Amino acid sequence: MELTSRETWTIIHGLALGTFFLLAFGGGLAGLWSLRPGLVTTTGIKERMRRLYVGSSVMAGVAWLTVITGTWVVYPWYRAQLSPVGEDTYAGCAGHILPSTTCSPRDFLKSNVSGQTDNWHQFGMEWKEHVSWAAPILATAAAFLIIYYGPRLISRPWLRMAVIVMFVGAFAAAVVGGAFGAFLNKVAPIV
Amino acid sequence: MAVTEHHGMEEVPELASLNMADKPDGPAAAAMVAAGIGIFVLGLLTTLAVPWTDLKDFLADFQLGQGVGPLAGKTTLTAIAFFVSWAALHYRWRDKDVDLKKMFNIGLVLGLLGALGTFPPFFERF
């Protein structure tokens with residue numbers, strides 16, 4: 001039982017970092033949601049805030065690591081042009097049912113050699129590769145607001161809700177990236 | 001500008017014993033607007049790179065031979081726009097109170113426009 005270098009990186013990018021992101025988001029959202037007057041004691045506030053500072057910072061850090069590894073490590077393997085120069089762009093994909101050493105996942109999807117697959121690239125990958133970068137930006141700004149205001153968020157419900165909107169926005173962008181990443185790796189895995 | 005009592009503050013007895021001084025809203029506004037600017041730049045570059053091949057080639061120059069293509073430039077410039085605008089706005093508003101709701105709405109509109117710019121059925125129209 002072993003994993004290739006590429007499989008290891010796709011697991012780090014999608015599964016490991018994605019799991020940390022989800023855990024940090026779930027904990028952070030629950031913490032933010034219940035950060036209301038009457039729900040936490042003074043001692044509880046101190047304990048709750050420490051967790052929120054760590055959780056939101058981890059979520060932001062993990063989001064940056066996810067998009068950086070996705071863009072600079074995994075994506076080049078996805079979009080590689082493997083057909084020899086001068087040949088038809090998708091010549092290396094003829095007769096394949098999965099990407100191979102002569103047919104990158106992008107070429108495989110765009111070539112439609114195994115069903116109508118080009119929309120997975122045109123819609124799924126094109127959306128995922130761009131919008132995912134909104135996740136670390138929103139998560140970083142939200143983490144800053146949580147750390148900057150700290151317990152003061154309890155007395156400012158509107159501001160707390162604004163932070164939740166940014167937090168959920170980061171999650172939504174990550175869901176698009178994560179969901180399409182999982183689907184694409186099923187339809188056209190990195191090999 | 002001096003820090004003032006913020007609107008929307010509720011009386012919270014649990015916070016009284018923590019003796020926390022009020023903080024200016026400027027740094028928070030800077031983070032909100034910078035996030036909007038970052039996402040807007042991402043959407044703008046994604047959309048403009050479709051019809052504008054010179055821009056697409058310029059964005060691909062950021063890939064440093066790694067095979068990332070134009071996405072390298074789009075994301076690098078997005079990160080630069082986010083952090084530089086954040087630093088500049090933070091410096092400008094660091095000890096000021098600004099209209100936080102207005103700044104949040106500005107950031108929100110910029111962010112939504114940016115997100116629209118990354119949506120393939122939108123940018124493929126150009």
Side-chain angles (χ1 to χ4, degrees), chain A residues 36-46 64 67-68 70-73 75-81 119 121-134 136-145 148-152 154-159 162-163 165-166 169-170 172-173 176, chain B residues 6-18 20-23 25 27-28 30-39 42-43 45-46 63-64 66-69 71-72 74-76 78-79 81-83 86 90 100-101 103-105 107-108 111-112 114-115 117-121 123-124:
Chain A
R36 296 193 239 189
L39 291 184
V40 228
T41 61
T42 304
T43 314
I45 289 171
K46 290 179 183 170
W64 282 109
V67 295
I68 289 169
T71 300
W72 289 92
V73 179
Y75 183 60
W77 296 328
Y78 169 83
R79 72 187 296 274
Q81 172 61 55
N119 263 344
H121 173 79
Q122 298 293 356
F123 180 75
M125 190 64 195
E126 292 278 8
W127 195 20
K128 161 195 163 60
E129 74 191 40
H130 293 110
V131 80
S132 298
W133 277 80
I137 290 173
L138 289 168
T140 303
F144 172 79
L145 294 175
Y148 180 71
Y149 285 109
R152 295 170 188 82
I154 297 173
S155 59
R156 300 182 69 181
W158 177 87
L159 181 56
V163 176
V165 167
M166 296 169 75
V176 173
Chain B
H6 292 111
H7 297 293
M9 291 274 280
E10 289 182 4
E11 287 294 323
V12 182
E14 305 94 289
L15 293 181
S17 63
L18 295 175
M20 290 180 304
D22 206 0
K23 281 191 164 187
D25 282 338
M32 290 172 173
V33 175
I37 289 172
I39 298 169
L42 177 67
L45 291 175
T46 302
Q63 64 182 324
L64 305 172
Q66 295 298 306
V68 181
L71 184 63
K74 293 174 198 171
T75 55
T76 302
T78 291
F82 171 53
F83 285 114
W86 189 357
H90 184 92
L100 200 54
K101 286 187 181 176
M103 293 306 159
F104 175 76
N105 287 331
L108 183 65
L112 288 174
T118 68
F119 192 55
F123 69 68
E124 280 167 4

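So that the names make sense, note that chain A is the first sequence line, chain B the second, and so on, each numbered from 1. Just so it is clear, the model here is predicted, and its values are computed rather than measured.
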Student: Got B:Thr78 and A:Ile137 here, is their nearest side-chain heavy-atom distance under 4.5 Å?
Tutor: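 Contact flag for B:Thr78/A:Ile137 side chains = yes.
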
Student: Which atoms of A:Phe144 come close to chain B, meaning under 4.5 Å heavy atom to heavy atom: side chain ones, backbone ones, both, or neither?
Tutor: side chain

Student: As an exercise, state the distance from CG of B:Leu15 to CZ of A:Arg152, rounded to the nearest 0.5 Å.
Tutor: 9.0 Å

Student: Check the side chains of A:Tyr149 and B:Asp25 for a donor-acceptor pair under 3.5 angstrom, ignoring hydrogens and angles.
Tutor: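 Yes, A:Tyr149 and B:Asp25 have a side-chain donor paired with an acceptor closer than 3.5 Å.
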
Student: Kindly assign one of parallel, tilted or perpendicular to the pair A:Trp64 and B:Phe82, based on the angle between their ring planes and the thresholds 30° and 60°.
Tutor: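 Rings of A:Trp64 and B:Phe82: parallel, under 30°.
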
Student: As an exercise: rank A:Gly38, A:Pro136, A:Pro76 by heavy-atom pairs under 4.5 Å with chain B and give me the winner.
Tutor: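 It is A:Pro76.
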
Student: Taking the side chain as C-beta and beyond, is there a heavy-atom pair between A:Val73 and B:Gln66 under 4.5 Å?
Tutor: no

Student: Non-hydrogen atoms of chain B under 4.5 Å away: do they reach the side chain of A:Thr140, the backbone, both or neither?
Tutor: both

Student: Which of the residues B:Ala31, B:Ala16, B:Ala30 is involved in the greatest number of heavy-atom pairs with chain A at under 4.5 angstrom?
Tutor: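 Top option by heavy-atom pairs under 4.5 Å: B:Ala31.
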
Student: Can you tell me which of B:Ala21, B:Gly117, B:Gly36, B:Ala79 forms the most heavy-atom pairs within a distance under 4.5 Å of chain A?
Tutor: B:Ala21

Student: Taking every heavy-atom pair that is under 4.5 Å apart, which of A:Gly169, A:Pro151, A:Ala141 has the most such pairs with chain B?
Tutor: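 Maximum pair count with chain B is reached by A:Pro151.
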
Student: Just verifying a value: how many Å separate A:Thr71 OG1 and B:Gln63 CD, rounded to the nearest 0.5 Å?
Tutor: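 So the gap between those two atoms works out to 12.5 Å.
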
Student: Can you tell me how far apart NZ (B:Lys101) and CG (A:Leu159) are? Round to the nearest 0.5 Å.
Tutor: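 Taking NZ in B:Lys101 and CG in A:Leu159, the distance rounds to 10.0 Å.
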
Student: Measure the shortest side-chain to side-chain distance between B:Thr75 and A:Glu129 over non-hydrogen atoms and say whether it is less than 4.5 angstrom.
Tutor: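 SC-SC contact between B:Thr75 and A:Glu129 ruled out.
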
Student: For the atom pair CG (B:Leu45) and NE2 (A:His130), what is the distance rounded to the nearest 0.5 Å?
Tutor: 9.0 Å

Student: Would you say the side chain of A:Val131 lies within less than 4.5 Å of the side chain of B:Thr46, judging by non-hydrogen atoms?
Tutor: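 A side-chain contact under 4.5 Å is absent here.
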
Student: Distance from B:Thr118 atom OG1 to A:Lys128 atom NZ, nearest 0.5 Å?
Tutor: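 Nearest 0.5 Å value for the OG1-NZ distance: 13.0 Å.
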
Student: Which heavy-atom pair separates B:Val68 from A:Trp72 by the least distance, and what is that distance?
Tutor: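 Where B:Val68 meets A:Trp72 most closely, the heavy atoms are CG2-CE3, 3.6 Å.
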
Student: Side-chain contact test, heavy atoms from C-beta onward, threshold under 4.5 Å: evaluate it for B:Lys74 versus A:Trp133 and give yes or no.
Tutor: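 When only atoms from C-beta onward are counted, A:Trp133 and B:Lys74 do not touch, as no gap falls below 4.5 Å.
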
Student: At a 4.5 Å cut-off on heavy atoms, which part of A:Gln81 comes close to chain B: side chain, backbone, both, or neither?
Tutor: neither

Student: At a heavy-atom separation under 4.5 Å, does B:Leu42 approach chain A through its side chain, its backbone, both, or neither?
Tutor: side chain

Student: Based on non-hydrogen pairs under 4.5 Å, which of B:Gly69, B:Gly114, B:Ala115 is most in contact with chain A?
Tutor: B:Gly69

Student: If you count heavy-atom pairs under 4.5 Å between each of A:Ile68, A:Thr42, A:Thr41 and chain B, which one has the most?
Tutor: A:Thr42

Student: For the atom pair CG (B:Leu108) and CE (A:Met166), what is the distance rounded to the nearest 0.5 Å?
Tutor: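 Rounded to the nearest 0.5 Å, the CG-CE separation comes out at 9.5 Å.
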
Student: Among B:Pro120, B:Gly111, B:Pro121, which residue has the highest count of heavy-atom pairs closer than 4.5 Å to chain A?
Tutor: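 Sorted descending by pairs with chain A, the first entry is B:Pro120.
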
Student: Among A:Ile45, A:Ile154, A:Val40, which one satisfies side chain to side chain contact (heavy atoms under 4.5 Å, CB included) with B:Val12?
Tutor: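 Testing B:Val12 for a side chain to side chain contact (heavy atoms under 4.5 Å, CB included) against A:Ile45, A:Ile154, A:Val40 leaves exactly one candidate, A:Ile154.
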
Student: Quick check on A:Val165 against chain B: is it the side chain, the backbone, both or neither that has a heavy atom closer than 4.5 Å?
Tutor: side chain

